[in-house]
Amino acid sequence: MNAVLVAVALSLVSAVAYAAAAVAQERLASRSPGAGTLRLLGRGAWWWSVGLNASAALLHVVALRYGPLTVVQPLGALTLVAAVPMGARMAGRRVSAVEWRGTALTLLGLGAILLTASGPAPDDVLSVPEALAVAGATAAFIGALSRPGARPGLRHAAASGLASGVASALTQTVTVAATDRTGPVLSVQVVGVALLVAAFAAGGLLLSQTAYRGGLGGPLAMVTLANPLAAAVIGLSLLGERLQGGPAGVLLALAGAGLASWGVVLLSRAAPTAADPAGDDHPVAAVLALEPGSATAEPALVPRPHDPGHLTPATP
C-alpha cells in the first residue's frame, strides 16, 4: 500500500480519538470550572481523556513515519469534523445545515491540500541545534500566549495547538532517526528530541484543558488551525518538504487552506459549548460514562404535607 495512504488512514482514526478526548476534556472543564490541574489528576474521567489522547498520539506518530508533515498535520482538522456527528448522535438531534456545510468545506479544502502536499515518506530530520532552536522559540511564544489577559480560552488554545504542532514535527525527527538504521536507536539526538516531544505534548494537553473551560467549539477550532500551521512551517523551512505542482500547486494549497479554515470556523460556531442547553448531551459523555452518577441530579426538596418544618425529596 502507498505510504501516503497509510498515513492518511492512520490520521483519520487518530482524529476520531482526538475528538473524543477533546469532548471529554471539555465536559470535565465545564463541570468543574474552578478545578485546578492537581485536582483533575484524581478523577478517573480525566485519565480516560488522557488515555484517548495517548492512543490518538500513538497513531499520529506512526502516521508521521509514513507521511510528511504537510500531509499528516492538516488532517488534524478532521478532529472537529468528527466531533460534529458524534455530538449530534449523542444529543439525539440531526446534524444542522451549517454543520454539513462546514464539514463539506473542510473536507474539500483538505483534499486540495493533500493533492499538493503528497510526497515521499519523510527521510530528513532536525539536528539537535535546530530542535533546540525550535523548542526555545516555541516556549517563548507559548509564554506570551499564556499570559493573563482577555480571551484566555482562545489564547491558551493557540498555545496548545502550537505546542502540539511542534511536538509532531519533533516526533517525526525521533521516528525517522530511530528507524533509519544509520546510527544507534538511542542516540543523543533521539533521546534529547524525545524529551522535548514529551514536554510539548504534556504542555499542549494541559493548555487545552484550560482552554476548554470556555467551551469546546472556539478553542478546538483554534487548536485545529494552529497545529498544522506550526508543523507546516517547520516541515517546509527545515525538513525540506515541498508542495507539488510549482506555483499552481502553491495557489491550490492556499485555496484549500482557506476553504478548510472557513469550514472549521463554521463548525466551531455550530458546535455546542458549555453555555448551550444541549451542552450536557455533548458527545462522549455517554461513551465514557464521565463521572458515574453525575448525570443523576439531586432530588429537589419540598415541604412535607402538613409539616412545613421538614423537607422531603420530590417525587417525579
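- Looking at every heavy atom in both residues, A21 comes nearest to N53 through CB-ND2, 3.6 Å.
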Next on the checklist: With side chain to side chain contact (heavy atoms under 4.5 Å, CB included) as the criterion, how do Y18 and L52 come out once you've worked through the C-alpha distance, each side chain's angles and the decisive distance to 0.1 Å?
Outcome noted: CA-CA 7 Å; Y18 272 130; L52 283 168; over 6 Å; no
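- Residues L105 and G263 come closest through the heavy atom pair CB-CA, 3.8 Å.
- Residues V265 and L108 share a hydrophobic cluster, clusters being chains of Ile/Leu/Val/Met/Phe/Trp/Tyr side chains in contact below 4.5 Å.
- Connection of V72 to L238 is established within a shared hydrophobic cluster, with ILVMFWY side chains joined at heavy-atom distances below 4.5 Å, either directly or through further cluster members.
- Looking at F200 and I142, their side chains come closer than 4.5 Å, going by heavy atoms from C-beta outward.
- Interatomic distance, CH2 of W262 versus CZ of R101, reported as 9.0 Å (0.5 Å rounding).
- For the atom pair CG of L170 and CG of L195, the computed distance is 11.0 Å after rounding to the nearest 0.5 Å.
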Next on the checklist: side chain to side chain contact (heavy atoms under 4.5 Å, CB included) for T138 and L162? Distances and angles first, verdict last.
Outcome noted: CA-CA 7 Å; T138 304; L162 180 61; 3.9 Å; yes
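- Under the rule for a side-chain contact (heavy atoms from CB on, under 4.5 Å), the partners of L107 that lie at least two apart in sequence or sit in another chain are L78, T103.
- In plain terms, the two heavy atoms of S14 and A56 that are nearest each other are OG-O, 2.8 Å.
- Follow the hydrophobic side-chain contacts under 4.5 Å out from I234 and you reach F141 in the same cluster.
- No single ILVMFWY cluster, assembled from side-chain heavy atoms under 4.5 Å apart, contains both L145 and L229.
- Heavy atoms only, all atoms of each residue included: S11 and L75 are closest at CB-CD1, 3.5 Å.
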Item to check | Verdict with reasoning, V193 to L126, per side chain to side chain contact (heavy atoms under 4.5 Å, CB included) | outcome: CA-CA 9 Å; V193 177; L126 295 174; over 6 Å; no
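- Distance CZ/R155 to OG/S146: 7.5 Å, rounded to 0.5 Å.
- Closest non-hydrogen pair, A231 versus G165, comes out as CB-O, 3.8 Å.
- Each of N227, L205, L207 was compared with S160 under the side-chain contact (heavy atoms from CB on, under 4.5 Å) criterion, and only L207 meets it.
- Remark: the T175 side chain and the Q172 side chain contain no N/O donor-acceptor pair separated by less than 3.5 Å.
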Checklist entry - Taking it one step at a time, do L132 and V128 satisfy side chain to side chain contact (heavy atoms under 4.5 Å, CB included)? => result CA-CA 6 Å; L132 291 175; V128 173; 4.0 Å; yes
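- For the pair A158 and M222, the tightest heavy-atom approach, listed with the atom from each and the gap, is N-CG, 3.5 Å.
- V61 and L10 fall into different hydrophobic clusters, where Ile, Leu, Val, Met, Phe, Trp and Tyr are joined by side-chain heavy atoms under 4.5 Å apart, directly or via other members.
- When only modelled atom types and interatomic distance are considered, H60 and S168 share a side-chain donor-acceptor pair under 3.5 Å.
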